[in-house]
Amino acid sequence: VKIIIRIFDAESLSTSNALFTPCLLQLFGNGTAVLRKSDDDRAPQARFFPPLQEPMLLPGTFKNKVAFITGGGTGLGKGMTFTLSSLGAECVIASRNLDVLKATAEEISSQTGNKVHPVQCNVRDPDSVKATVDQMVNDVGLPDVVINNAAGNFISPSERLSANAWKAITDTVLNGTAYITLDIGKRLIAAQKGAAFLCITTIYADSGSGFVMPSASAKAGVEALCKSLVAEWGRYGLRFNIIQPGPIKTKGAFSRLDPTGKFEKLMIERIPVGRLGTVGEIANLAAYLCSDYASWVSGATIKIDGGEYSFMAGEFNSLSLVTKEQWDVMEAIIRQTKGS
Ligand SMILES: CCC/C=C/C=C/C(=O)SCCNC(=O)CCNC(=O)[C@H](O)C(C)(C)COP(=O)(O)OP(=O)(O)OC[C@H]1O[C@@H](n2cnc3c(N)ncnc32)[C@H](O)[C@@H]1OP(=O)(O)O
Ligand SMILES: NC(=O)C1=CN([C@@H]2O[C@H](COP(=O)(O)OP(=O)(O)OC[C@H]3O[C@@H](n4cnc5c(N)ncnc54)[C@H](OP(=O)(O)O)[C@@H]3O)[C@@H](O)[C@H]2O)C=CC1
């Protein structure tokens, strides 16, 4: 990309045509205008990749199973709860806002006919976690499925973060996952009961990411926690897997990560599939990983991001935004070049 900018900056290409402006964003903006048929929220190729949302597993896959989902009242957690409940699970959803949990539980159980239990829980507080798990054990017993989905996040330059901002995110994401996993795990081990654990992290758990530094640090820690327990707790009948979603337009995430709405377009431009992911797509993958069809899957980390991570990783992948006319110009320059 740097090469192209230099080329377009060259005097030999001096022109008023905006296509040759020496500005990365403008270059990409023009490329996008070419790619986009309209100003909707999908690129044209998205028509090849329709999001199928309905539960894909067989009805009854989770019959007689209990699933515990943190953050199950909203967004992806709500979607996973709906799918598991549709497939027969009795779900327990836990987060801080009991009114939201109650509304979600009512909505889902009325659609699926299976009970959903709302339990207030602050995963940052180990005593609250213990009380929540006590209540679940009392109401429905120990879970067969545990999904660590609750999270906190917001974009901010790291130099603006207070110690408490770091703590709010890392306590929720990393410590919260640890408190839930240790509490439920110990009880499962004592009861000699197997279970499938799933952690929802994100694609930047691998790479780190500026402007969400506490979240990136905590999500990487969650992945290390999971992978450690794959090895250590397999002998107790416990398996652990990780889903790394790319961008999915939930209110919780996008209100904090794209507060002006300007970033969404940029995300779609770098997603090869040409659209954001959907809640139903995450829910189907989660259901599979937590089902007995995935009994032999432990220690898997699955990216579900429409190819965004690969796109961002490749040095020259942004060239996919260069138009045919721009390629004609560049090819001519390259072919004229002789020697080094
Ligand atoms: C796009 C592809 C990849 C996407 C990945 C997505 C990952 C996600 O995790 S999305 C999930 C988003 N959902 C949530 O965050 C839901 C829960 N969030 C919250 O409850 C809040 O946003 C928060 C995390 C801030 C926690 O709220 P709480 O009421 O407990 O804390 P506060 O007292 O409000 O804040 C704690 C300290 O953080 C400072 N702070 C808050 N917002 C900002 C900000 N925008 N910039 C800088 N600092 C902020 C706040 O001032 C507090 O610090 P202090 O003043 O020092 O006490
Ligand atoms: N949407 C996206 O683009 C992506 C999301 N993710 C991950 O997906 C998961 C779900 O995010 P999403 O659905 O988008 O966002 P939401 O904000 O809807 O979900 C976060 C949930 O966590 C709960 N939560 C937050 N803090 C606590 C706490 N201290 N104790 C208990 N529960 C808490 C919230 O409920 P309450 O406020 O009631 O406590 C909320 O239900 C997260 O792990 C996120 O990191 C990963 C990649 C991309």
Side-chain angles (χ1 to χ4, degrees), residues 68-82 93-105 118-126 128-129 131-132 147-177 179-180 198-209 211-220 222-223 242-259 263-264 266-268 270-271 276-279 281-283 285-286 302-306 308-309 312:
F68 177 73
I69 303 111
T70 64
T74 63
L76 303 190
K78 181 177 177 180
M80 291 186 282
T81 303
F82 173 78
I93 55 177
S95 77
R96 296 165 302 176
N97 191 326
L98 189 57
D99 289 340
V100 169
L101 291 173
K102 280 180 178 167
T104 295
V119 186
Q120 192 166 37
C121 179
N122 181 353
V123 298
R124 296 188 214 171
D125 173 4
S128 172
V129 167
T132 300
I147 303 185
N148 279 300
N149 165 77
N153 199 4
F154 53 79
I155 48 167
S156 175
S158 297
E159 64 273 23
R160 290 184 179 220
L161 295 174
S162 65
N164 199 36
W166 161 268
K167 194 164 154 41
I169 304 302
T170 55
D171 271 357
T172 307
V173 176
L174 178 54
N175 290 342
T177 300
Y179 299 150
I180 294 281
L198 178 66
C199 288
I200 308 300
T201 64
T202 180
I203 48 175
Y204 59 65
D206 283 343
S207 57
S209 174
F211 305 99
V212 283
M213 181 272 281
S215 168
S217 309
K219 293 288 193 186
V222 167
E223 295 200 351
I242 296 164
I243 294 181
Q244 297 178 327
I248 292 148
K249 198 170 182 177
T250 64
K251 181 182 167 200
F254 272 52
S255 62
R256 295 174 173 94
L257 302 177
D258 186 19
F263 196 48
E264 181 179 340
L266 282 175
M267 289 175 188
I268 293 171
R270 64 194 188 200
I271 296 176
L276 301 179
T278 64
V279 172
E281 288 172 297
I282 302 297
L285 178 57
I302 302 186
K303 276 191 177 61
I304 171 165
D305 69 344
E308 187 187 24
Y309 191 82
M312 289 192 291

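In each ligand, atom 1 is the first atom listed, and ligand 1 is the first ligand listed. Throughout, numbering of the chain's residues begins at 1 and tracks the sequence. Predicted model only: the values in this text are computed from it and were never measured.
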Shortest non-hydrogen contact from Phe263 to Arg270? CZ-NH2, 3.7 Å

For the residue pair Pro247 and Leu276, what are the closest heavy atoms and their distance? O-CB, 3.7 Å

How close do Ala105 and Ile93 get, counting heavy atoms only, and between which atoms? N-CD1, 4.1 Å

To the nearest 0.5 Å, tell me how far Asn164 CG sits from Ile169 CD1. 10.0 Å

Please walk me through it: do Ser215 and Tyr204 pass side-chain hydrogen bond (donor to acceptor under 3.5 Å, both in side chains)? CA-CA 9 Å; Ser215 168; Tyr204 59 65; 2.7 Å; yes

If every non-hydrogen atom of Gly71 is compared with every non-hydrogen atom of Ala150, which pair is closest and at what distance? N-CB, 4.0 Å

Minimum heavy-atom distance between Asn122 and Val129, given as atom pair plus value: O-CG2, 4.0 Å

Ordered by chain then number, the protein residues lying under 4.0 Å from ligand 2 by heavy atom are Gly71, Thr74, Gly75, Leu76, Ser95, Arg96, Asn97, Cys121, Asn122, Val123, Arg124, Asn149, Ala150, Ala151, Thr172, Ile200, Thr201, Thr202, Lys219, Pro245, Gly246, Pro247, Ile248, Thr250, Gly252, Ala253

If you take all heavy atoms of Gly246 and Glu308, which pair is closest and at what distance? CA-OE1, 4.4 Å

Between ligand 1 and the protein, find all N/O pairs closer than 3.5 Å and give the distance for each.
unit_1: ligand 1; atom_1: 15 (O); unit_2: Asn153; atom_2: N; d: 2.9
unit_1: ligand 1; atom_1: 15 (O); unit_2: Asn153; atom_2: O; d: 3.4
unit_1: ligand 1; atom_1: 20 (O); unit_2: Arg96; atom_2: NH1; d: 3.4
unit_1: ligand 1; atom_1: 20 (O); unit_2: Arg96; atom_2: NH2; d: 2.8
unit_1: ligand 1; atom_1: 22 (O); unit_2: Arg256; atom_2: NE; d: 2.7
unit_1: ligand 1; atom_1: 30 (O); unit_2: Arg124; atom_2: NH1; d: 3.4
unit_1: ligand 1; atom_1: 30 (O); unit_2: Arg124; atom_2: NH2; d: 2.6
unit_1: ligand 1; atom_1: 53 (O); unit_2: Ser162; atom_2: OG; d: 3.2
unit_1: ligand 1; atom_1: 56 (O); unit_2: Ser162; atom_2: OG; d: 2.6
unit_1: ligand 1; atom_1: 57 (O); unit_2: Asn164; atom_2: ND2; d: 2.8

Given 3.5 Å as the limit, does a donor-acceptor pair link the side chain of Ser128 with the main chain of Cys121, or not? no

